[in-house]
Amino acid sequence: MSIHLSSSASHFPTLPKAPTGINGLDEITEGGLPKGRPTLLCGSAGCGKTLMAVEFLVRGILDYDEPGVLMAFEETAVELADNVQSLGFDLRQLQADKKLRLDHVHVDRSEIEETGEYDLEGLFIRLGYAIDTIGAKRVVLDTIESLFSGFTNQAVLRSEIRRLFRWLKDKGVTTIITAERGEGSLTRQGLEEYVSDCVILLDNRVINQITTRRLRIVKYRGSTHGTNEYPYLITEDGISVLPVTSLRLAHDVSNDIISTGVPGLDEMFTRKGLYRGSSILITGTAGTAKTTLSAAFALEACRRGERCLFFAFEESPQQLIRNMRAVGMDLEPFLAQGLLHIEASRPTLNGLEQHLVTIHKLLTEFKPQNVIIDPISNLVSVGSISEVRGMLTRLIDLLKVQGISALFTALVSGRNANQEMTEEGVSSLVDTWIHVRDLEGIGERNRGVSILKARGMAHSNQVREFLVTDHGVQLLDVIVGPAGIITGASRLTQQLQEQSQLLASQQEAERRDRELERKRRVLEATIANLRTEFESVEEELRQVNHEEEQRQQALATNRQQLAKGYSNRQPASPSPNQ
Amino acid sequence: MQTPSDSSASSPADEEIWELRLYVAGQTVKSVTALANLKKYCETHLKGRYKIEIIDLLLHPQLAEGDQILAIPTLVRKVPSPIRKIIGDLSNQERVLVGLDIRAVENK
């Protein structure tokens, strides 16, 4: 949507703009300040007006080759050069290179007596001369209202300042005019904001003892611009404006799958892991092993040879390492190898924006592929919920654009745990949401992990019980009891029951085997008996047969003899039965 | 003019040559008026002890920075020190004299 809008808008000629080179400011001004026109920078003391103006000049010189003139009404050239030196801006060198001209205008009423009519032509000539000698394209007037303390004739001053703005426009230089914030109006004189083409308001607010600087574009003639208040920071590298809505949601995505570091947990996702570059949120009540899970993720990332940045807002690095070693996860070797970096600090150390900048800085220095923030819920102590949400949105955006996998943990209070709401409301921003919780049963607590959402892949709907063992986190097998999935002691009971059932059935089987054996033996004995009986009968019968045979034989012999004897007149012998 | 005689001690500046510098930007009405006024006051009060240097910033814009010139016309008293500045067309004689601290001279 936004891409479509921006591409269609670019067909029309837009107001020429001069990029400031200041981080983020060009994004919300959609390209920079109006080129060749005056811009008012107003704000109360300590907002960084001068700094922003100087950075505009220096970046203009270094990045866009546009020489600049700085007309300072409050600080001398030496003071200015010293003040911005810490940001790496070498004003003296730029002056020597004829890229920059510093002109300190000293206005002291005690030295000046006014008699009759005058105008500020001298200022114009000085400025004109400074611009012409180096061919300046950018001009900063810091702070022009100092003139009002130097001259009494307000009417002349007002008309001269009006003329100055006109004159600067005619000169075609992009100008920043700084002004102190007035009571109820943007500037003390109520003049500059009307003659400037662009007005940027800087604000320094202290809420709950924490200072946040904010910037807002009040007006921008002839151009659209971001209308929100944007936090900005004065960092070691200058001003950094952090627009919330800079992301157009057009970042590249990866199809790679990375492991969570817990094998069982990977199995709960259909693609056996998480998408690289996605953001993962682990929520849970206190003591549900959120940190342990994130350490497992870190360890796995390091084992893959990737760099991992671990922000610990609750534990010191040593404490974290000791605690993780207790559950069989040794982070120390990777720390020594430089694959892991633990950045531990209290959330209250800095304002939210400062945290973001610290993270940003470490991201650029360390170039990690994985970032862990443990926990994000602590940040609420620094800012309001909406601010934290804004900060986290920016952070998640930042990480996504760079394709960094991010894991956040968040503590949810016990009462709201069943609602599964994160206070920060970031749950809609993350891609994968894993919830760990106490499964409180009769007289015991068990830990359960479930996946609430996983964008782009199907996932298990089960609440899996897991243990933190000596070898890290282990997910237990699902045991389905009569009333659903069971955990803890019920799981043990169930296991015992199953074991005893198994034993009983084994014994039963053995008993049956023995019975069979016995029967077989009985049967075999019977068979043997029968066979013996049979054999004896057979023997007897055979004996009988044999005797019969012999008798028959004898009978036959006798008959033959008888027949022979008959022929020999031999009378029949005694009975053949003998 | 007024001739108050309460300041009897004469300033050491009496002996010095007054160096006055008038910054103008071209021949504008204000510049011309200022120069005419200045000459008149000097002739009256500092006769023979003054030097007027007229600097046209349109011709020498680089000189504006040195004396911290913003308004035109500006009259700068370089000597005697301290430096005093008077801006405007110098039409108010009393204020010019007070501004340049010429009162003491006038006493004589």
Side-chain angles (χ1 to χ4, degrees), chain A residues 69-77 95 98 101-134 136 141 143-161 163-164 167 171, chain B residues 20-38 40-42 54-78 81-103:
Chain A
V69 169
L70 173 56
M71 196 166 240
F73 292 81
E74 285 175 341
E75 292 170 276
T76 64
Q95 278 178 287
K98 302 248 180 274
R101 248 190 103 94
L102 288 180
D103 189 356
H104 173 231
V105 178
H106 176 74
V107 188
D108 189 350
R109 192 173 233 161
S110 65
E111 288 181 4
I112 297 172
E113 190 73 38
E114 291 180 27
T115 66
E117 285 184 27
Y118 60 91
D119 55 38
L120 296 182
E121 190 61 31
L123 179 70
F124 287 67
I125 289 170
R126 272 169 81 168
L127 195 51
Y129 174 70
I131 292 169
D132 293 341
T133 45
I134 57 166
L141 302 174
T143 303
I144 201 160
E145 69 187 29
S146 300
L147 288 175
F148 284 90
S149 64
F151 298 97
T152 48
N153 195 334
Q154 302 276 315
V156 168
L157 272 175
R158 292 179 85 87
S159 73
E160 285 298 280
I161 287 175
R163 186 162 73 96
L164 178 67
W167 180 83
K171 270 265 181 199
Chain B
L20 301 172
R21 208 177 267 180
L22 183 66
Y23 287 90
V24 295
Q27 297 292 314
T28 60
V29 179
K30 277 174 261 187
S31 304
V32 173
T33 316
L35 184 58
N37 283 333
L38 179 64
K40 189 172 75 191
Y41 306 143
C42 289
I54 297 166
I55 295 174
D56 189 345
L57 290 179
L58 291 185
L59 304 175
H60 309 285
Q62 72 277 12
L63 297 177
E65 203 176 328
D67 271 328
Q68 288 291 348
I69 303 305
L70 293 174
I72 293 291
T74 298
L75 173 64
V76 180
R77 186 189 78 178
K78 302 291 279 183
S81 58
I83 289 177
R84 309 285 309 243
K85 281 184 200 162
I86 300 174
I87 60 172
D89 60 10
L90 311 178
S91 54
N92 186 332
Q93 183 182 344
E94 193 181 340
R95 294 194 71 152
V96 174
L97 297 184
V98 170
L100 286 178
D101 201 15
I102 312 187
R103 195 160 42 92

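Small disclaimer: the values here were computed from a predicted structure and weren't measured.
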Best-contacting candidate, Glu121(A), Glu160(A), Glu117(A), against chain B by heavy atom pairs under 4.5 angstrom:
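The option with the most such pairs is Glu117(A).
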Which of the residues Val156(A), Thr133(A), Asp132(A), Ile112(A) is involved in the greatest number of heavy-atom pairs with chain B at under 4.5 angstrom?
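The residue among Val156(A), Thr133(A), Asp132(A), Ile112(A) with the greatest pair count is Ile112(A).
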Side-chain heavy-atom pair Glu113(A), Ile87(B) within 4.5 angstrom cut-off:
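They are not in contact (no side-chain heavy atoms under 4.5 Å apart), so the answer is no.
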NZ of Lys98(A): more than 12 outside heavy atoms within 6.0 angstrom?
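12 or below, so no.
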Between atom CD of Glu114(A) and atom OG1 of Thr74(B), what is the distance when rounded to the nearest 0.5 Å?
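Separation between the atoms: 10.0 Å.
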Quick check for you: to the nearest 0.5 Å, what is the distance between Leu38(B) atom CG and Thr115(A) atom OG1?
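Those atoms lie 10.0 Å apart.
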Glu75(A): which residues meet the salt bridge (charged side-chain N to carboxylate O under 4.0 Å, His left out) condition with it, sequence neighbours left out?
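Result, salt bridge (charged side-chain N to carboxylate O under 4.0 Å, His left out) vs Glu75(A): none returned.
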Asp119(A): what forms a salt bridge (charged side-chain N to carboxylate O under 4.0 Å, His left out) with it, not counting sequence neighbours?
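Asp119(A) satisfies salt bridge (charged side-chain N to carboxylate O under 4.0 Å, His left out) with Lys30(B) once adjacent residues are dropped.
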Using heavy-atom distances under 4.5 Å, tell me whether Val107(A) contacts chain B through its side chain, its backbone, both, or neither.
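The side chain, not the backbone.
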Closest heavy-atom contact between Val105(A) and Gln68(B)?
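What the structure gives for the nearest pair is CA-OE1, 3.2 Å.
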Anything in residues 122-130 of chain A with a heavy-atom distance to chain B below 4.5 Å? Please list those residues in order.
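Gly122(A), Leu123(A), Ile125(A), Arg126(A), Tyr129(A) fall under the 4.5 Å cut-off.
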Tell me the residues of residues 143-155 of chain A whose non-hydrogen atoms fall below 4.5 Å from those of chain B, in number order.
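Leu147(A), Phe151(A) fall under the 4.5 Å cut-off.
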Below 4.5 Å, heavy-atom pairs only: which of Leu70(B), Asn92(B), Ile86(B) has the largest tally toward chain A?
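Most pairs with chain A among the choices: Leu70(B).
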